[in-house]
Amino acid sequence: MAEDDPIDKISLIEERLEELAEISERCRKIILVSKAAIAGGVALLLVTMLGLFGSSQVAVIGSIALMLGGIVSLGSNVSTLRQTMAAISAAEVLRSDLISRIDLRVVGDSPMKLS
């Protein structure tokens, strides 16, 4: 096949779009877990501050670490998700452009063979 064959390029773009979709789905899952970690850290800190869990320095440090880890993970994955969505948009535009360059025919236009 020719190196400049648009059908081959479209196939490669489709594969890339599938990879990007998997990356974006993974980012969404991590974002959800990060938000849960932040909420859990805040809840643990409040419970510890109110004295319901006991006054443990380990619980306070753990809750702060949980919140900070969640915030860092959230920020990183939101940024990655934005970049991935931009890459998906660019790939879709390229795919549409390549499809529009192909000389497509309507099936009814081709002569039929009678057996």
Side-chain angles (χ1 to χ4, degrees):
M1 295 205 172
E3 186 177 309
D4 292 334
D5 188 15
I7 295 174
D8 291 337
K9 288 182 181 180
I10 292 170
S11 296
L12 292 174
I13 291 171
E14 289 290 337
E15 290 176 15
R16 180 68 179 148
L17 283 170
E18 288 176 14
E19 292 172 6
L20 291 170
E22 291 174 8
I23 292 170
S24 67
E25 187 60 33
R26 186 173 43 238
C27 284
R28 285 185 182 99
K29 289 177 184 177
I30 293 173
I31 287 169
L32 182 64
V33 170
S34 298
K35 288 179 180 180
I38 294 168
V42 169
L44 180 60
L45 185 61
L46 288 174
V47 167
T48 304
M49 287 176 60
L50 294 174
L52 302 174
F53 188 66
S55 181
S56 171
Q57 293 175 349
V58 175
V60 172
I61 292 172
S63 66
I64 292 171
L66 193 61
M67 286 187 300
L68 291 176
I71 290 169
V72 168
S73 176
L74 178 69
S76 173
N77 282 284
V78 165
S79 174
T80 302
L81 181 60
R82 286 182 186 149
Q83 292 171 356
T84 303
M85 296 309 289
I88 287 173
S89 296
E92 287 175 344
V93 167
L94 181 59
R95 179 184 62 184
S96 296
D97 185 46
L98 288 172
I99 290 172
S100 68
R101 290 181 189 176
I102 298 174
D103 183 29
L104 299 175
R105 312 179 266 143
V106 177
V107 176
D109 289 348
S110 62
M112 294 182 58
K113 292 183 180 180
L114 298 175
S115 300

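As the structure is a prediction and not an experimental result, all values here were calculated from the model.
One hydrophobic cluster holds both V47 and L50 under the rule that ILVMFWY side chains link at heavy-atom gaps under 4.5 Å. With hydrophobic clusters built from ILVMFWY side chains whose heavy atoms lie under 4.5 angstrom apart, L74 does not share a cluster with V72. Residue V78 is not grouped with residue L32 when hydrophobic side chains (ILVMFWY) are merged at heavy-atom distances under 4.5 angstrom, including chains of intermediate members. In the hydrophobic clustering of ILVMFWY residues, with side-chain heavy atoms under 4.5 Å counting as a link, L68 and L46 come out together. By the rule that hydrophobic residues join a cluster once side-chain heavy atoms approach within less than 4.5 Å of another member, I61 and I38 end up as members of separate clusters.
The shortest distance between side-chain heavy atoms of I30 and T80 does not fall below 4.5 Å.
Between N77 atom CG and K29 atom NZ the span is 13.0 Å, to the nearest 0.5 Å. The line from CG of L12 to CG of L17 is 11.0 Å long, rounded to the nearest 0.5 Å.
Contact between G40 and L66 at its shortest, heavy atoms only, is C-CD2, 3.9 Å. Heavy-atom minimum distance, S34 versus G70: CB-O, 3.5 Å. Of all the heavy atoms in T48 and S56, the pair that sits closest is CG2-O, 4.0 Å. The minimum heavy-atom distance between I13 and A91, with the atom names listed, is CG2-O, 3.5 Å.
S79 places no side-chain N or O within 3.5 Å of a backbone atom of G75 that could act as its donor or acceptor partner. Side chain of S76 to backbone of S73: no donor-acceptor contact under 3.5 angstrom is found.
For residues 82-99, the salt bridge (Lys or Arg N to Asp or Glu O under 4.0 Å) pairs, not counting sequence neighbours, are E14-R95, D97-R101.
The only option from L81, I88, T84 that meets the side-chain contact (heavy atoms from CB on, under 4.5 Å) definition with I23 turns out to be T84.
The number of heavy-atom neighbours closer than 6.0 Å to CD1 of I102, taken from other residues, nucleotides and ligands shown, is above 12.
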- Assess whether side-chain contact (heavy atoms from CB on, under 4.5 Å) is satisfied between M67 and I64, documenting all intermediate values. CA-CA 5 Å; M67 286 187 300; I64 292 171; 4.2 Å; yes

